[in-house]
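One structure is given below, represented as structure tokens, and several questions about it will come after.
Everything numeric here is computed off the predicted structure, so don't read it as measured data. Just so it is clear: chains get the letters A, B, ... in the order the sequence lines come, proteins before strands, and each one is counted from 1.
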There are 4 protein chains.
Amino acid sequence: MLKKVPKQARSEHMVACILAGATRVLDAVPLAEATTNHIAEVAGVSIGSLYQYFGSKEAIAHCLLHQHLEQTVGLLREIRIASRGCPVEERMRLSFLEVLRDHRSHPMLHLNLTAVTQREDFPPSQLKQVVGRMIDEIALGLAEEHPEADPDEIRVCATLRHQSSMLLAHAALDRRRFGQDSLVMDYFDTLSAAQLSLLDRRPVRRAPQSS
Amino acid sequence: MLKKVPKQARSEHMVACILAGATRVLDAVPLAEATTNHIAEVAGVSIGSLYQYFGSKEAIAHCLLHQHLEQTVGLLREIRIASRGCPVEERMRLSFLEVLRDHRSHPMLHLNLTAVTQREDFPPSQLKQVVGRMIDEIALGLAEEHPEADPDEIRVCATLRHQSSMLLAHAALDRRRFGQDSLVMDYFDTLSAAQLSLLDRRPVRRAPQSS
Amino acid sequence: MLKKVPKQARSEHMVACILAGATRVLDAVPLAEATTNHIAEVAGVSIGSLYQYFGSKEAIAHCLLHQHLEQTVGLLREIRIASRGCPVEERMRLSFLEVLRDHRSHPMLHLNLTAVTQREDFPPSQLKQVVGRMIDEIALGLAEEHPEADPDEIRVCATLRHQSSMLLAHAALDRRRFGQDSLVMDYFDTLSAAQLSLLDRRPVRRAPQSS
Amino acid sequence: MLKKVPKQARSEHMVACILAGATRVLDAVPLAEATTNHIAEVAGVSIGSLYQYFGSKEAIAHCLLHQHLEQTVGLLREIRIASRGCPVEERMRLSFLEVLRDHRSHPMLHLNLTAVTQREDFPPSQLKQVVGRMIDEIALGLAEEHPEADPDEIRVCATLRHQSSMLLAHAALDRRRFGQDSLVMDYFDTLSAAQLSLLDRRPVRRAPQSS
DNA sequence: TATGAATGAGTATTCATTCAT
DNA sequence: GATGAATGAATACTCATTCAT
């Protein structure tokens, strides 16, 4: 990802500055419209230095995405541990609220980073690993609630939760549709319950309570 | 939308070619990276001709989106009319399968068109109208099933269905995660039932705090 | 000049329309910014027809210039003949007023046509002839006043008059400098007198009357 | 005027090269037909570098015009100071010879720069100031000769002198008409005397109607 | 190592001109 | 002849990337 691993304090600070600049820039314009010169300028770093550490514009985006995923995984772990003992719905909701908060603070950024992921030429290895760790973390949470469930099934379910949380959080950014968060949370609760019921092998389909 | 309305057969063919080319190109790369020259080349049309009918790169994307939405609205209507008498779940599923098939045939394209929609400078009127018609069409389907429901509530529900169908269809594109459609349909059925139950005012959620 | 000499009434009308359109367009924008499509549109003629009669954009400008010079030569002749018997200054002034009026009615056009003349690749023969006739006409006027003067000298003087009249008329278009025509005419009279004195072989130089 | 002020020696050289190239190009073709790529090529500089310092094609022309006017103002000042004590005609002639020499060395260039001035969208401030300084300089010369004259009248006269010098110098470029400079100088002397006499309030005109 | 000047391939768009109808 | 759709070379300008200082 990084062209050169920063060893000295100065280098580390440089890389941090560049990423901070990139965060600000990519939170305002799509990656394709963001220029490296602009990122360097906002970062308060010379364009030459930027290329000392990042081989290309995409490398910056990838690094940012990586950094962000790592951060989120950490947060989710903390919440999982801290919320032990709470009712399921509450635990699910707490995690999602964290994701939501994160998206709300950098609306465009997440759209951009997701777009990077969708590219055909998306580079695998490094980033796939972090996504994997994210799924693992979610799976851990589900396993705590359903110790009896098949691990494979739990992973599939975790993957779905990850996907849908991201999608819902993105959608929630559109204030025109989701004016109030209560609507989003309602939606989330419904989704979440449905998903959990899938895990219970007792599908909700066909008007369950109406019988 | 179009700079000049094609009158002769030749012109119509030209516009069709350009849109076909744009479809192929935008199904491969994000709009920001697609070049007008490339679109023209793939369309087998000179760049000058492209600009004879479309004032800008964005105009092409907008036209494509418009065309596609119109098509989908039409399909949904046909399905709604043809499926009268079938059980609810079946009707819902038929519509969604259509959406899914469409996404599957042009995976990237839909991602791109959605991205266009998210742009801040997204132009209103023309396209917003078609999105409106789409919601209306979904609302009609719901109203047939719930004639007693409040029209406003139906529209909200229709909007949510539209959103979630899109989200699910997008997610389903990721073959790495949804290898078999049965999984997607399971997911859809669950979601769909949950949403319908919301309309019934009998939420699916298990043990909400309100009890 | 013309690709094809119009023979029929319809063709002549066509050419007239094109030239009228070109006049309107070139009176608004510099030749380099005027497009043939725009000229055709303003002329109410198809672009294909325009190229039927004029081989290129420049051909139109040249034709316009030619037409205009012919017209001016004719006007100057009429004035010369009609003003016989008037005092010299009056005669000179009458001619210049005609030139000035013409420039005032199509300010930009003259600037443009002059610019065409200045081009390095300005084509000779045809247009040079008309300019020659213009000089001849002016020379005739001077000869009537100075029958005793050497013909060659008269031609040089006529050339100077032509040049300076054009220049002065152009300059007079700049209302910021020449707010009132009286100033222009004052200037013209001074110039004119100085030129006539050159012809008298009694140069004005060095404060003539102050001695 | 300049997008970025050159600080290092290298940058200054770059800007100098670009302006030199632009001078050569604009001395051959009208601004509208000069391409930035061509200017860059002739200047031996990459197109990117050109745009590093000049925001647009027009910016180059304006800068060139500015530079040239500054230079001329400086020259005229030097001549005025150096020629103190010489007879009036001599002083006037010396200044004009300088202008003439300048035009002769870059015939088309001056035509082009003047054309730039005539554009409707001609930007004010910066360039207008230099033109103002030019008039001021000429006025200073006149004031030395006519200390008793009204300052306002001197400025009007200076403006006229500036105009007519330019016009005459432009006209003199046409070697077909002004084969020898003696003719131009004769013409200039006559004009100059006439103008000075205007300032003396004793018009040269022969037999005006006011007598 | 840090800098930022220099580079030039690449982009959207225009417009003179051709030619099938 | 008249039309206007089609063409594509050409243009102004941008920006990722390199490299001399």
E:dT17 P sits how many Å from C:Leu50 CG, rounded?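 Between P of E:dT17 and CG of C:Leu50: 10 Å.
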
Tell me: NZ of D:Lys3 to P of F:dC15, nearest whole Å?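 Value for this atom pair: 10 Å.
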
Gap between atoms CD1 and C1', on B:Ile60 and E:dT11 respectively (whole Å):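 B:Ile60 atom CD1 is separated from E:dT11 atom C1' by 13 Å.
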
Which atom names give the shortest non-hydrogen contact between B:Lys57 and B:Ala32, and what distance separates them?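 Minimum heavy-atom contact is NZ-O, 3.6 Å.
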
Heavy atoms under 4.0 Å, any strand shown: does B:Thr36 hit a base, just sugar-phosphate, or nothing?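 If one applies the 4.0 Å heavy-atom cut-off, B:Thr36 turns out to touch a base.
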
Position toward the 5' end of DNA chain F (nearest nucleotide), D:Ser49 or D:Thr35: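 Taking each residue's closest nucleotide, the earlier one in sequence belongs to D:Thr35.
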
Name the residue closer to the 5' end of DNA chain E, choosing between D:Gly44 and C:Ala32 according to the nucleotide with the nearest heavy atom.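 Looking at the nearest nucleotide for each, D:Gly44 comes out on the 5' side.
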
Nearest-0.5 Å distance, CG of residue A:Leu65 to NE2 of residue A:His110: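 Rounded to the nearest 0.5 Å, the CG-NE2 separation comes to 10.0 Å.
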
Would you mind classifying the nucleic acid contact of D:Ala34 as base, sugar-phosphate or nothing, using non-hydrogen atoms under 4.0 angstrom?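 Sugar-phosphate contact only.
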
Could you check whether any side-chain heavy atom of C:Phe54 comes within less than 4.5 Å of a side-chain heavy atom of C:Thr36, counting everything from C-beta outward?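 SC-SC contact between C:Phe54 and C:Thr36 ruled out.
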
From the set F:dG8, E:dT17, E:dA2, return the single nucleotide nearest to any side-chain atom of C:Ile47.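 Ranking F:dG8, E:dT17, E:dA2 by closest atom to the C:Ile47 side chain puts E:dT17 first.
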
Student check: side-chain heavy atoms of D:Ser11 and D:Lys4 closer than 4.5 Å: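 No; the side chains remain at least 4.5 Å from each other.
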
Which is true for D:Tyr53 with a 4.0 Å heavy-atom rule: it touches a base, it touches only sugar-phosphate, or it touches nothing?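 Answer is sugar-phosphate: D:Tyr53 comes under 4.0 Å of backbone atoms only.
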
Just so I know, are the side chains of A:Ile60 and A:Tyr53 near enough to count as touching, which here means a heavy-atom distance under 4.5 Å?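 A:Ile60 does not reach A:Tyr53 side chain to side chain.
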
What nucleotide among F:dT17, E:dT13, F:dA5 has an atom nearest to a side-chain atom of B:Lys57?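 Ranking F:dT17, E:dT13, F:dA5 by closest atom to the B:Lys57 side chain puts E:dT13 first.
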
With Watson-Crick and G-U wobble geometry limited to distances under 3.5 Å, how should the secondary structure of DNA chain E be encoded in dot-bracket form, using | for bases paired to another strand and [ ] for crossing pairs? .||||||||||||||||||||

In whole angstroms, how far is the C1' atom of F:dG4 from the CD1 atom of C:Ile39?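 Distance, rounded to whole Å: 17 Å.
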
Could you check how far OH of A:Tyr51 sits from P of E:dA6, rounded to whole Å?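 Nearest whole value for this atom pair: 18 Å.
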
D:His38 or B:Gln52, whichever maps to the more 5' nucleotide of DNA chain F: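 Whichever sits nearer the 5' end wins; that is B:Gln52.
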
Hey, does the side chain of B:Asn112 reach the backbone of B:Asp27 with a donor-acceptor pair shorter than 3.5 angstrom?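 No, B:Asn112 side chain to B:Asp27 backbone: no donor-acceptor pair under 3.5 Å.
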
Rounded to the nearest angstrom, tell me the gap between atom CD in A:Glu33 and atom C1' in E:dT11.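 From A:Glu33 CD to E:dT11 C1': 13 Å.
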
Candidate nucleotides E:dT14, F:dA2, E:dA6, ranked by approach to the side chain of C:Met14 - the nearest: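 My answer, after comparing the listed nucleotides, is F:dA2.
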
Between F:dC15 atom P and A:Glu58 atom CD, what is the distance in whole Å?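 It is 14 Å, rounded to the nearest whole Å.
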
Got a second to check how far C:Ile18's CD1 is from C:Gln52's CD, nearest 0.5 Å?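 Interatomic distance, C:Ile18 CD1 to C:Gln52 CD, rounded to 0.5 Å: 9.5 Å.
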
Which residue lies more 5' along DNA chain E, comparing C:Asn37 with A:Gly48 via nearest heavy atoms: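 Counting from the 5' end, the first nearest nucleotide belongs to A:Gly48.
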
Whole Å only: how far is the NE2 atom of B:His13 from the C1' atom of E:dT21?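 Atom-to-atom, B:His13 to E:dT21, this comes out as 17 Å.
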
Is there side-chain contact between A:Asn37 and A:Glu41, with heavy atoms separated by less than 4.5 Å?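 Of all side-chain heavy-atom pairs linking A:Glu41 with A:Asn37, none is under 4.5 Å.
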
